[in-house]
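As a basis for the values below, the full set of heavy atoms in this structure was taken, side chains included, without hydrogen atoms, waters or symmetry mates. Remember, it's 1-based here, ligands and their atoms both numbered in the order they're listed.
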Amino acid sequence: MESPSEALHCGDSPWKRLLIIASILSCWIQSASAQGAPITIVPNPPFGTVGSDVILDIHGLSGPVFTYTWYRNSIEENNKIAFYHVPSATQNPADIREKVFSNGSMLIPNLALNDTKNYIVLIVDSMTGESKQASVLLSVYELLPKPTINSSNMAPVEKVDNVSLTCLSEGPDVSYLWFINESSPAGDRIVLSPDNETLTIINVTRKDKGFYQCEIQNPVSANRSDPFTLNIIYGPDNLMIVPTEPHYSVGATLNLSCSADSNPTAQFTWLINGIQMMSTSQLYIPNVSLNYTGTYTCNASNSITGLSSTKDINIIISEKLSKPNITTNNKTNSIENDTLVLTCDTEHDGMNILWLFKDQPLSPNERMKLSENNQTLTIKLKREDAGSYHCEIWNPISSNKSDFFNLTVYFGPDNIRFSPSPEKEEIEVELNSDLNLVCHVDSNPEAQYEWKVNDSTTSHLSNSIFIKNATWEDSGRYTCLAKNNITSITVSKDIIIKVVEKKSTEGTDNTSLSGGAIAGIVIGVLAGVAIIGGLIYFLASRKRGASEHHPKEHKSSPPNHSQAHSDSSSKETEEVSYASVNFNAQKSPTRAQSSMTMDTVYSEIKKK
Ligand SMILES: *[C@@H]1O[C@H](CO)[C@@H](O)[C@H](O)[C@H]1NC(C)=O
Ligand SMILES: *[C@@H]1O[C@H](CO)[C@@H](O)[C@H](O)[C@H]1NC(C)=O
Ligand SMILES: *[C@@H]1O[C@H](CO)[C@@H](O)[C@H](O)[C@H]1NC(C)=O
Ligand SMILES: *[C@@H]1O[C@H](CO)[C@@H](O)[C@H](O)[C@H]1NC(C)=O
Ligand SMILES: *[C@@H]1O[C@H](CO)[C@@H](O)[C@H](O)[C@H]1NC(C)=O
Ligand SMILES: *[C@@H]1O[C@H](CO)[C@@H](O)[C@H](O)[C@H]1NC(C)=O
Ligand SMILES: *[C@@H]1O[C@H](CO)[C@@H](O)[C@H](O)[C@H]1NC(C)=O
Ligand SMILES: *[C@@H]1O[C@H](CO)[C@@H](O)[C@H](O)[C@H]1NC(C)=O
Ligand SMILES: *[C@@H]1O[C@H](CO)[C@@H](O)[C@H](O)[C@H]1NC(C)=O
Ligand SMILES: *[C@@H]1O[C@H](CO)[C@@H](O)[C@H](O)[C@H]1NC(C)=O
Ligand SMILES: *[C@@H]1O[C@H](CO)[C@@H](O)[C@H](O)[C@H]1NC(C)=O
Ligand SMILES: *[C@@H]1O[C@H](CO)[C@@H](O)[C@H](O)[C@H]1NC(C)=O
């Protein structure tokens, strides 16, 4: 059972296979749905808007229709809007606002709020003469005007007040939506009324400051309020003074600026040591003098909260520092082990003092003591303390350094020593060679020297003594005396000069043998005497003709050697020859003579 228009429509496009298939499918769906589905009225658009049009479409209709009759609220003659006769395609009455189309849909143009009604259509089937009906509630809404926000308190005070914002709108049946800084409200302190019309902020804080908007909505429109600026009264607090630097020099310009978190803007006053100076946030004082040192107070007050808050800064005006001066307890002569007191003299009080030694900050050691304010430096002097001293005074705006104080430390003489450096307190010098003997000490001022040779004072006053072409007479004990005429200390040291025979290339061998040579000579001499004695005895006994005495003679020969060896006569002969060889060896060159001479000289020296 299809309406003629639908049948026509479906059979209208046989020339394209695809379209045909699509159409058949669509026709089939339509007829299928038409079978059981009830007839409905669907407003298009779904909601009416004041001033706009709406079409009330009939859905679910099947079979040819004879007439459509539209009613408001109920099917009563006086509620009838229009009657439409399909065969003649005429609407009765025709000259009304509403228009019924051939498909039964009714157009209602230029809607008003009171068009919100129930609409009923009565449909009479042309074949069966049966009548069917359907109804719909058409809701007509107006386009919403922009809402406004009303605040319960135009100047809520932070942490004291609650504030309620109400969204004011003329339209009925609207829903409300709130925005804070373009975002949805959040947090415990924000409470919405059940209908969302009122937003309450409990115990407001300055953070609640911002743009508040409400949006109203109905099914056909939405409109958002202009931003409402929530103005929270707070402060003053978080006072700040800039710059924070408290130190100024005489003649500088003081330009202090005070700020506070406050709404409305705080009123500022400046006080110096409690005396009111200015009623601005800025304090400007050019060319300050010393008496501007003091406590500067910024006072900020909020005329609405009635609160006030203050912040202080202690300003210190300092004069430019003049040069300090180092004075000392000692005039000029500082002797090692003396206690020296250096004082940094300055006309300024309470200065910071820094001591410098050789242009570096002094690193005090256990011999140094600084007074509590560093003004005096006490040193138990050592020679290494000599050098230049400065003291520097400073305050946060300037510094000044004294002229240098040059400290001389007199010391010594000490560490007396000779060069060439002697071995075992003696120096050997070869006969006819030179020796430059130098005496050194550590001393300031330079020590004065004196020499003694064998305890007799010489006229020699330099620190060195030069022995040219040494002779045996140059041997002796040399004494160096060094005197410091400021410390009045004299030190002395002895040295033995030993003139020795010019050494040959094998000189070292010779000297080491000298002891052995002496022993050799002695043994040799003794052996010689024994042999001679033995010979005489032998000859004498031979004259007597007694040969039995031979062993006895032997026993009286040099005792130790004969006892150590065996009694055989061959060994005796060997020993004798050995002794003589030894003796000869020592006797042959001048070496023996020289060592003997040396020995003699040595003894002489020792006796002196
Ligand atoms: C009925 O006809 C009108 C006017 O031609 C049209 O605007 C409307 O959409 C039609 N309704 C249906 C359900 O076809
Ligand atoms: C909101 O309302 C104002 C009038 O109050 C209107 O001019 C404006 O077009 C509306 N905006 C929207 C989006 O409806
Ligand atoms: C308001 O909030 C502040 C902290 O934000 C709190 O100290 C104060 O007690 C609160 N006052 C009330 C009445 O809740
Ligand atoms: C603010 O609201 C809270 C909670 O509703 C209430 O307890 C408090 O008394 C209110 N404060 C003021 C100042 O109205
Ligand atoms: C109120 O607004 C919230 C969102 O802010 C929403 O979830 C809620 O449904 C609204 N209530 C009413 C009554 O509109
Ligand atoms: C809104 O934004 C302003 C500026 O960014 C901010 O100071 C304020 O705290 C914000 N308010 C809220 C409630 O987030
Ligand atoms: C600054 O003040 C001193 C006195 O306190 C005055 O002698 C001097 O002339 C002033 N300097 C300037 C530039 O005003
Ligand atoms: C400092 O002394 C000058 C006069 O020498 C005076 O005019 C000025 O008020 C004083 N300043 C303060 C802060 O006392
Ligand atoms: C140090 O003080 C003297 C006056 O005693 C002054 O002439 C000099 O300019 C000052 N030096 C510095 C660096 O301030
Ligand atoms: C200083 O004392 C040390 C030992 O305490 C001593 O060796 C030295 O000779 C003394 N110096 C002077 C100049 O008295
Ligand atoms: C050293 O003195 C001796 C005599 O005493 C002399 O013969 C010799 O030439 C001198 N040698 C030198 C280098 O003067
Ligand atoms: C101390 O000796 C130095 C030389 O070593 C000399 O120049 C100075 O005049 C002497 N001083 C006294 C007071 O004797």
Please list, in number order, the atoms of ligand 7 under 4.0 Å from a heavy atom of N287. 1 (C), 2 (O), 3 (C), 8 (C), 10 (C), 11 (N), 12 (C), 14 (O)
Do R72 and I81 have side chains that get closer than 4.5 Å, going by heavy atoms? yes
Looking only at N/O atoms, are D57 and ligand 1 under 3.5 Å apart anywhere? yes
For atom 7 (O) of ligand 1, closest protein heavy-atom neighbour: I55 CD1, 3.8 Å
What protein heavy atom sits nearest atom 11 (N) of ligand 8, and how far away is it? N291 ND2, 3.2 Å
List the closest protein heavy-atom neighbour of atom 12 (C) of ligand 1: residue, atom name, distance to the nearest 0.1 Å. N103 ND2, 3.4 Å
Closest non-hydrogen protein atom to atom 5 (O) of ligand 7, residue and atom name please, with distance? S289 CB, 4.2 Å
Which protein heavy atom lies closest to atom 9 (O) of ligand 8, and at what distance to 0.1 Å? Y292 OH, 3.8 Å
Between Y68 and Y84, what is the ring plane arrangement, given parallel below 30°, perpendicular above 60°, and tilted in between? tilted
Scan the protein's non-hydrogen atoms and note whether one is under 4.0 Å from atom 1 (C) of ligand 7. yes
Measure the spacing between OG1 of T376 and CH2 of W355 and express it to the nearest 0.5 Å. 7.5 Å
Looking at atom 14 (O) of ligand 7, is any protein heavy atom nearer than 4.0 Å to it? yes
From Q375 atom CD to C391 atom SG, the distance as rounded to the nearest 0.5 Å: 8.5 Å
So do Y234 and V160 actually touch side chain to side chain, heavy atoms under 4.5 Å? no
Can you confirm whether or not the ring centre of Y141 sits under 6.0 Å from the ring centre of F47? yes
Numbered atoms of ligand 1 (with element) below 4.0 Å of S105, judged on heavy atoms: 1 (C), 10 (C), 11 (N)
Can a side-chain donor-acceptor contact be found between N263 and N231 if the only test is distance below 3.5 angstrom? yes
